[in-house]
Number of protein chains: 2
Amino acid sequence: MSLLVVGSVALDTVSTPFGRADDALGGSATFFSAAASLFAPVQLVGVVGDDYPLDALDFLAERGVDLDGLERARGESFRWAGEYSFDLNSRETLETRLGVFADFQPKIPEGFRDAEWVFLGNIDPVLQLDVLNQIHRPRLVACDTMNFWIEGKRAELMELLARVDLLLVNDGEARQLSGDHNLARAARWIHERGPRYVVIKKGEHGAILFTPHSVFFAPGYPLDEVFDPTGAGDAFAGGFMGHLARCGGTDDADLRRAMIYGSVMGSFAVEKFSVERFKDLTADEIEERARHFRDMTVFELPVDAGV
Amino acid sequence: MSLLVVGSVALDTVSTPFGRADDALGGSATFFSAAASLFAPVQLVGVVGDDYPLDALDFLAERGVDLDGLERARGESFRWAGEYSFDLNSRETLETRLGVFADFQPKIPEGFRDAEWVFLGNIDPVLQLDVLNQIHRPRLVACDTMNFWIEGKRAELMELLARVDLLLVNDGEARQLSGDHNLARAARWIHERGPRYVVIKKGEHGAILFTPHSVFFAPGYPLDEVFDPTGAGDAFAGGFMGHLARCGGTDDADLRRAMIYGSVMGSFAVEKFSVERFKDLTADEIEERARHFRDMTVFELPVDAGV
């Protein structure tokens, strides 16, 4: 059940209508690990600068995140600053300082190379490919990407897609990548480039899983208050991959449950700043919310109900 | 199982990226009836001018839509012209000519006043209230509205809300009405003003039913091609109310199925111009799509599956 994540480990300064967090834990690998480690042990590969408050990651280590692959380089950690609109539906990036992340060359520790479940967070597709070349025989490789790589490194991204099993992107990215505004067609376009599975995240509108033979919808969780949307997508990926690593399967029923656990973890992520909500989150709370997702979607047709 | 609809009967001129339809059948009562009549007999109340091609409504009469309440007034029929953006996500109204609709005073025929199921399409809330005063003892009254009335006739609309069981609006209207961008809170705000049930339609993102004790999500149907979105909301209402009239119940399971049949009919509506798709639609096709909605949403949790 070994689950490997490669991605950014950052310090985020986030402003929302509800307040502001300075130099809070952020980055795709951080959010992913905070969520996934509630399902299965996680191996993290990333880089931080010598200014990073490493003890802030103790809570991850304590719950089974192996930080042996977290490189500490001389220089400044990756910092991102952003501000959300009043309705949290859009955000403006105020500052991006790559720091040591600019020269990141992922080195997968020997002990991590047998990982069965791999999540390639949103980094340069050249590095994502490089990671794949260091892994022996993964059972399932999932990756994320973003507009910056779709635009600037399309050829490398296409090479990567041919080698991954699952692409997790948001709706805008799926449209940009495929050049098609229709999500069903966009998903098929992506399928044809490699990934058997395509997960399209739509924020408050939920997420859709396209497999070669089926479509599955997970709704957005109707929270009364979204506090900070940062990291929701990576927490989704953490719940999704964490569940697969835990259950050890990839059949249709497993993938559907993974969509629900992804949605559950994404919904918890936005309840507090940074990874705060994951620090005291319990297995019971996770299962309770998963049952709520079922309550929100279950129905019987007349033929079932004898109507 | 008598189902009454009061609304507009119009002639629409619609441009989409796929073509153009001139003076096609349109209006809320028309779309509602075309969809609902595949579930239960419908009584229609509306007005047309002396230029209306009444024989174009023959297909409705043939499938059990009672047109005794369709007034024919001297003058021009209600005409609407609009153009959709390339991705069909926004539209511009090019022309609205109210014609005889400007002086519409709904007169409910004596034989319609015992209707059990009532849908008040999007017209002036003063007229919607007037209709309610002519009905004897409906089992469930649903209504629609729009930004124009929310802005211009708020007091009358609030008076109406206190008297209806279900409000069907889109997400923008729910936000405008409640003054709250959060849909869960917006639905609660509406509940507190009268309607026990609130259905919020989100177009391609599906629809949400809020009851006092539960939330139910129906996804948007992943069509490869949306041809013309006009009337999807009224077709949704037709499937929703048609199912309730057919099954005769309003418990939680009935309302959930109604959400699915509403979604099914909304998804068929957009496959062709005007009400064209409903003309040859069969009960088997409706049930098949409803089963597809179930396939797209069903999942088991570990505790169910014994995982």
Side-chain angles (χ1 to χ4, degrees), chain A residues 85-89 171 175 180-185 187-188 200 202-206 208-210 214-226 243 246-249 252-261 287 290-305 307, chain B residues 85-89 171 175 180-185 187-188 200 202-206 208-210 214-226 243 246-249 252-261 287 290-305 307:
Chain A
S85 62
F86 80 100
D87 60 2
L88 299 165
N89 277 331
D171 44 359
R175 290 183 168 119
D180 197 325
H181 67 88
N182 179 291
L183 291 184
R185 287 195 310 250
R188 206 154 52 230
I200 297 182
K202 304 197 296 173
E204 64 166 326
H205 301 302
I208 319 180
L209 165 69
F210 293 91
S214 72
V215 179
F216 178 73
F217 282 86
Y221 192 74
L223 288 168
D224 260 24
E225 206 69 86
V226 172
H243 172 71
R246 174 176 70 174
C247 79
D252 197 62
D254 298 323
L255 291 167
R256 285 171 180 239
R257 280 191 283 275
M259 286 287 287
I260 296 302
Y261 286 111
E287 294 307 319
R291 285 192 298 274
H292 197 191
F293 269 89
R294 193 176 48 183
D295 292 343
M296 292 189 305
T297 55
V298 71
F299 67 93
E300 283 187 324
L301 290 174
V303 63
D304 313 312
V307 174
Chain B
S85 63
F86 81 99
D87 60 1
L88 299 165
N89 277 331
D171 44 0
R175 290 184 167 117
D180 197 326
H181 67 88
N182 179 292
L183 292 183
R185 287 196 310 250
R188 208 155 51 231
I200 297 181
K202 304 197 295 172
E204 64 166 325
H205 301 303
I208 319 179
L209 165 69
F210 293 90
S214 72
V215 179
F216 178 72
F217 281 87
Y221 192 74
L223 287 168
D224 261 24
E225 207 68 86
V226 173
H243 172 72
R246 174 176 70 174
C247 80
D252 197 61
D254 298 324
L255 291 166
R256 285 170 180 240
R257 278 191 283 275
M259 286 288 287
I260 296 302
Y261 286 110
E287 293 307 320
R291 284 192 298 273
H292 198 193
F293 269 89
R294 192 176 49 183
D295 292 343
M296 293 189 304
T297 54
V298 71
F299 66 93
E300 283 187 323
L301 290 175
V303 63
D304 313 312
V307 173

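Reckoned from all heavy atoms, side chains included, excluding hydrogens, waters and symmetry mates. Only a predicted model underlies this, so the values are computations on that prediction, with no experimental measurement involved. The sequence lines fix the lettering, A, B, ..., with proteins before strands; numbering per chain opens at 1.
Using a 4.5 Å cut-off between heavy atoms, A/A253 does not touch chain B at all. Contact annotation for A/L223: only backbone heavy atoms (N, CA, C, O) come within less than 4.5 Å of a heavy atom of chain B. Residue B/F293 touches chain A through both its backbone and its side chain, counting heavy-atom pairs closer than 4.5 Å. Neither the backbone nor the side chain of B/L88 comes within contact range of chain A; no heavy atom of the residue lies under 4.5 Å from a heavy atom of that chain. Interface remark: A/N182 contributes side-chain atoms only to the contact with chain B (heavy atom separation under 4.5 Å).
Between the side chain of A/R257 and the backbone N or O of B/E300, at least one donor-acceptor pair lies under 3.5 Å.
Contact count versus chain B (heavy atoms, under 4.5 Å) is highest, among A/A184, A/S214, A/G206, for A/A184. Interface remark: of the candidates A/P219, A/G220, A/A218, A/A187, A/P219 forms the most heavy-atom pairs closer than 4.5 Å to chain B.
Once rounded to the nearest 0.5 Å, the distance linking NZ of B/K202 with NZ of A/K202 reads 7.5 Å. The NE2 atom of A/H181 sits 6.5 Å away from the CZ atom of B/F86 when rounded to the nearest 0.5 Å. A distance of 4.5 Å separates CZ of B/R294 from CG of A/L301, quoted to the nearest 0.5 Å.
Note on A/E225 versus B/R185: salt bridge recorded, some NZ/NE/NH1/NH2 to OD/OE distance being below 4.0 Å.
Using cut-offs of 30° and 60° on the angle between ring planes, the pair B/H205 and A/H205 is parallel.
With a 4.5 Å cut-off on side-chain heavy atoms, A/F216 and B/D295 do not count as touching. In this structure the side chain of A/M296 reaches within 4.5 angstrom of the side chain of B/F217, judged on heavy atoms. Side-chain atoms of A/R256 and B/V298, non-hydrogen and from C-beta on, do get closer than 4.5 Å to each other.
Contacts of B/D224 classified as side chain to side chain donor-acceptor pair (under 3.5 Å), with partners at least two apart in sequence or in another chain: A/R188.
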